Amino acid sequence: MNTRRSSILRSFLFSLFCFVMLSAVTARAEKSPYYNVLKYGAKNDGSKIATEAIKKAIDAASKAGGGTVFFPAGEYLTGPIHLKSNITIFIDAGALIKFSDNFDDYLPMVPSRWEGIDVVNFSPLFYAYEQENITIMGRGTIDGQGKKWWDFHHKLYDKSMPRTKWQLEFDKNNKDVLMPDIPGMIARGFLRPPFIQPLFCKNVRIEGITIINSPFWTVNPEFCENVTITGVTINNPDSPNTDGINPSSCRYVHISDCHISVGDDCITIKSGKDRAGRKMATPAENYTITNCTMLRGHGGVVIGSEMSGDVKKITISNCVFDGTDRGIRIKTARGRGGVVEEIRVDNIIMKDIKDQAIVLSMQYAKTEPEPVTERTPVFRNIHISDITVVDANEAILIDGLEEMPVENITFNNMNMNAKTGAIIRNAKNIEFHNVTINTESGPAIQAEDVQMMEFGGVKTHKPHANTPVVELNNVDDAFIFNANPRPGTDVYLQLKGRNTKGIILNGNNFRHVKTPVAQEKEVTETVVTDSKQQATAK
């Protein structure tokens with residue numbers, strides 16, 4: 001009898017537990033349900049613009065403290081979507097959100113940032129201002145229908161074209177805009193909106209969706225904290241300035257597992273442009289970029305040229321660039337100011353690179369030397385390793401400023417095949433370790449006006465007749481060691497320039513080299529070498 005009572009009691013307690021748990025789950029579901037946009041008046045056959053219906057769903061979720069605004073399979077037409085805190089936009093598999101290409105739908109203008117300049121502009125397609133805990137996710141597609149924007153952008157290069165109502169509206173809202181050194185499109189006043197731009201937001205997540213045909217930059221968080229962009233596919237074919245992912249002046253950014261093919265840079269890190277960027281003084285910092293593929297774009301991963309607020313503590317790893325114009329590109333110019341530093345790049349494979357595989361250029365715009373001021377940009381402490389380049393036009397370009405050399409750059413464990421090799425100008429503290437550069441013509445490495453260089457195990461598998469592996473011109477202080485040139489090497493090291501000095505070679509195997517060191521007559525200082533074959537004047 002006692003056993004039976006115990007069994008009944010256990011059954012009762014279990015039933016009570018299940019009831020309590022079900023009630024809790026139901027309460028949570030009622031507190032944070034899915035807000036199906038169809039229930040708020042949206043049509044999923046593309047027959048009716050759904051801007052107001054989507055707004056109603058977001059407002060209802062926001063009023064309840066947050067929730068998920070749900071787009072079931074089907075086609076939706078909408079104007080801009082403005083997110084609020086604690087809102088998730090869930091775009092289900094089979095759902096296609098097409099954004100209107102009627103420019104008027106993106107009025108009134110809102111606070112925005114455009115190529116590093118703070119403006120009031122057309123509303124971004126997805127927009128949030130000073131919100132937190134916002135998400136756009138799902139297996140569906142969002143289409144910016146950018147062609148009309150692209151076409152109108154091209155028309156604006158006709159300076160005889162009278163100002164449109166949109167340009168006049170821009171003028172009215174931007175009387176005090178802090179112009180960049182070269183006003184360009186800001187002065188024209190018709191600025192295509194970014195596709196997704198959270199501004200001054202916290203805890204932003206974009207996951208799983210496919211994005212196509214952006215009017216302008218695609219995923220463009222500005223001044224945000226804790227941003228995650230993962231598993232996103234971006235495709236903007238034959239389109240101007242449609243960068244893939246551009247987190248600007250953000251911190252704690254995580255980009256992973258994305259697939260990008262666009263009409264400009266694939267992933268770009270920025271922090272404001274010229275005076276406007278220096279005024280905001282908000283760096284891009286603490287970014288991780290990993291496990292991404294880039295098929296087309298001006299650059300695979302790019303820093304700048306709008307980097308006036310500084311860029312620092314960036315890691316880029318485990319990516320494939322196949323068909324981009326450049327691989328890793330860091331760019332700036334006089335007038336930007338700002339510092340790019342503490343950058344790590346490793347485990348990258350590049351193929352079919354149309355220009356440079358790696359480029360660090362402070363000559364993005366041609367300007368004359370000037371005194372070092374807040375306008376002077378700085379590149380330093382950049383370390384690149386474990387890189388494979390299958391085919392590129394040029395292996396590496398480092399191009400500093402006379403008044404501000406690029407400083408402390410290292411290359412480790414790299415194998416590169418390119419038409420031409422590495423060119424280094426106006427730099428300081430440059431190191432190559434275990435780097436193989438195979439060229440179709442010219443030296444593997446050429447350096448000019450550089451202080452402090454170190455070469456450990458640098459070689460080429462394709463030596464060219466009467467062509468050095470390494471050429472140094474006006475280089476002060478270089479140490480070359482562990483070289484093991486391949487048979488057929490005529491000259492390993494060529495020295496030029498009257499300011500070339502402090503060249504030391506040690507621990508090299510030059511038995512396959514006709515002339516280990518060749519130097520022009522203007523190089524007056526003796527080269528210290530461990531080879532029995534002394535330097536030969538040429």
Side-chain angles (χ1 to χ4, degrees), residues 77-80 98-127 142-174 177 179-197 199 211-220 222 234-246 248 260-268 270 272-274 276 296-299 302 304-306 324-325 331 364-365:
L77 178 65
T78 184
K98 298 178 75 171
F99 283 84
S100 166
D101 61 4
N102 182 344
F103 304 157
D104 289 337
D105 288 340
Y106 298 89
L107 301 175
M109 293 185 171
V110 298
S112 182
R113 204 188 204 194
W114 200 91
E115 287 195 350
I117 304 297
D118 305 286
V119 294
V120 176
N121 191 39
F122 288 117
S123 171
L125 283 59
F126 274 105
Y127 178 69
I142 57 177
D143 183 353
Q145 298 201 100
K147 189 175 187 309
K148 187 175 177 182
W149 295 96
W150 308 334
D151 292 345
F152 199 85
H153 159 81
H154 289 306
K155 290 180 182 178
L156 293 176
Y157 286 97
D158 180 1
K159 295 182 181 180
S160 65
M161 181 178 172
R163 292 186 83 76
T164 64
K165 64 178 182 179
W166 304 293
Q167 290 168 294
L168 294 174
E169 181 68 14
F170 180 86
D171 295 343
K172 183 178 73 174
N173 283 282
N174 293 278
V177 66
M179 287 285 188
D181 291 351
I182 302 174
M185 291 301 299
I186 302 292
R188 291 190 183 99
F190 182 90
L191 309 182
R192 294 166 289 151
F195 203 138
I196 301 174
Q197 188 180 73
L199 195 65
I211 310 171
I212 59 175
N213 301 321
S214 177
F216 185 57
W217 292 357
T218 307
V219 180
N220 179 212
E222 297 275 1
I234 301 174
N235 189 15
N236 299 320
D238 303 318
S239 50
N241 313 112
T242 54
D243 298 38
I245 301 173
N246 287 27
S248 302
I260 305 170
S261 183
V262 292
D264 208 315
D265 296 323
C266 294
I267 296 176
T268 307
K270 300 176 182 289
K273 189 172 186 178
D274 299 342
R296 185 181 59 184
H298 291 177
V302 177
S305 65
E306 300 90 347
T324 58
D325 292 352
K331 56 182 179 176
Y364 184 60

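It should be emphasised that the depicted structure is a prediction, and the values quoted were computed from it without experimental measurement. For the numbers below, each heavy atom of this structure counts, side chains included, while hydrogens, waters and symmetry mates do not.
- Residues Ser248 and Arg113 come closest through the heavy atom pair CB-NH1, 4.0 Å.
- Pro240 meets the side-chain contact (heavy atoms from CB on, under 4.5 Å) test with Trp150, His153, His154, Arg192; sequence neighbours excluded.
- Considering Lys172, Met109, Glu169 as possible partners of Val120, the one that fulfils the side-chain contact (heavy atoms from CB on, under 4.5 Å) test is Met109.
- Between the CD1 atom of Ile212 and the CG atom of Asn236 there is a distance of 8.5 Å, given to the nearest 0.5 Å.
- Under the ring pair (Phe, Tyr, Trp, His ring centres under 6.0 Å) criterion, Phe99 pairs with Phe126, Phe195, not counting sequence neighbours.
- The two residues Phe170 and Ile186 come nearest to each other via the heavy atoms CE2-O, 3.5 Å.
- Atom CE in Met161 sits 6.5 Å away from atom CD in Gln167 (nearest 0.5 Å).
- Interatomic distance, Leu125 CG to Ile142 CD1, rounded to the nearest 0.5 Å: 8.0 Å.
- Nearest heavy-atom pair across Ala276 and Gly116 is CB-O, 3.9 Å.
- Residues passing the side-chain contact (heavy atoms from CB on, under 4.5 Å) test with Lys148 are Asp101, Phe103, sequence neighbours excluded.
- Residues satisfying the salt bridge (charged side-chain N to carboxylate O under 4.0 Å, His left out) test with Asp274, not counting sequence neighbours, are Arg336.
- Across all their heavy atoms, Pro80 and Ser123 have their closest contact at CB-OG, 3.4 Å.
- Looking only at side-chain heavy atoms (C-beta outward), Ser239 and Val262 stay at 4.5 Å or farther from each other.
- The backbone N or O of Gln197 lies less than 3.5 Å from no partner atom in the side chain of Glu222, so there is not a single donor-acceptor pair.
- Taking all atoms of both residues into account, the shortest heavy-atom contact from Gly304 to Thr268 is O-CG2, 3.3 Å.
- Counting heavy atoms from C-beta on, the side chains of Val110 and Leu199 never come closer than 4.5 Å.
- Looking at Leu191 and Phe122, their side chains never come closer than 4.5 Å, going by heavy atoms from C-beta outward.
- The backbone N or O of Arg188 sits less than 3.5 Å from a side-chain atom of Arg163, completing a donor-acceptor pair.
- Atom OG of residue Ser305 and atom CG of residue Asp265 lie 9.5 Å apart, to the nearest 0.5 angstrom.
- Although no hydrogens or angles enter the test, the distance criterion places no donor-acceptor pair under 3.5 Å between the side chain of Asn121 and the main chain of Ser112.
- In this structure a side-chain-to-backbone donor-acceptor pair under 3.5 Å is missing from Asp243 to Asp264.
- Although no hydrogens or angles enter the test, the distance criterion places no donor-acceptor pair under 3.5 Å between the side chain of Thr242 and the main chain of Ser214.
- Residue Ile182 places its CD1 atom among 12 or fewer non-hydrogen atoms of other residues, nucleotides or ligands, all under 6.0 Å distant.
- Scored by the side-chain contact (heavy atoms from CB on, under 4.5 Å) test, Asp325 finds His298, Lys354, Asp355 as partners (sequence neighbours excluded).
- With a 4.5 Å cut-off on side-chain heavy atoms, Arg296 and Asp238 count as touching.
- Residues Asn246 and Asn220 bring no donor and acceptor atom of their side chains to less than 3.5 Å of each other.
- Checked against Phe190 for a ring pair (Phe, Tyr, Trp, His ring centres under 6.0 Å), the options Phe152, Tyr157, Phe216 give a single hit: Phe152.
- Between Ile260 and Thr218 there is no side-chain heavy-atom pair separated by less than 4.5 Å.
- Atom CD1 of Ile234 sits about 8.0 Å away from atom CD1 of Ile267, to the nearest 0.5 Å.
- Closest approach of Lys98 to Gln145, counting heavy atoms only: CE-OE1, 3.5 Å.
- For Asp104, the side-chain contact (heavy atoms from CB on, under 4.5 Å) partners are Asn102, Leu107, Lys165, Trp166, not counting sequence neighbours.
- Side-chain contact between Leu156 and Met185: present, with at least one pair of heavy atoms (C-beta onward) separated by less than 4.5 Å.
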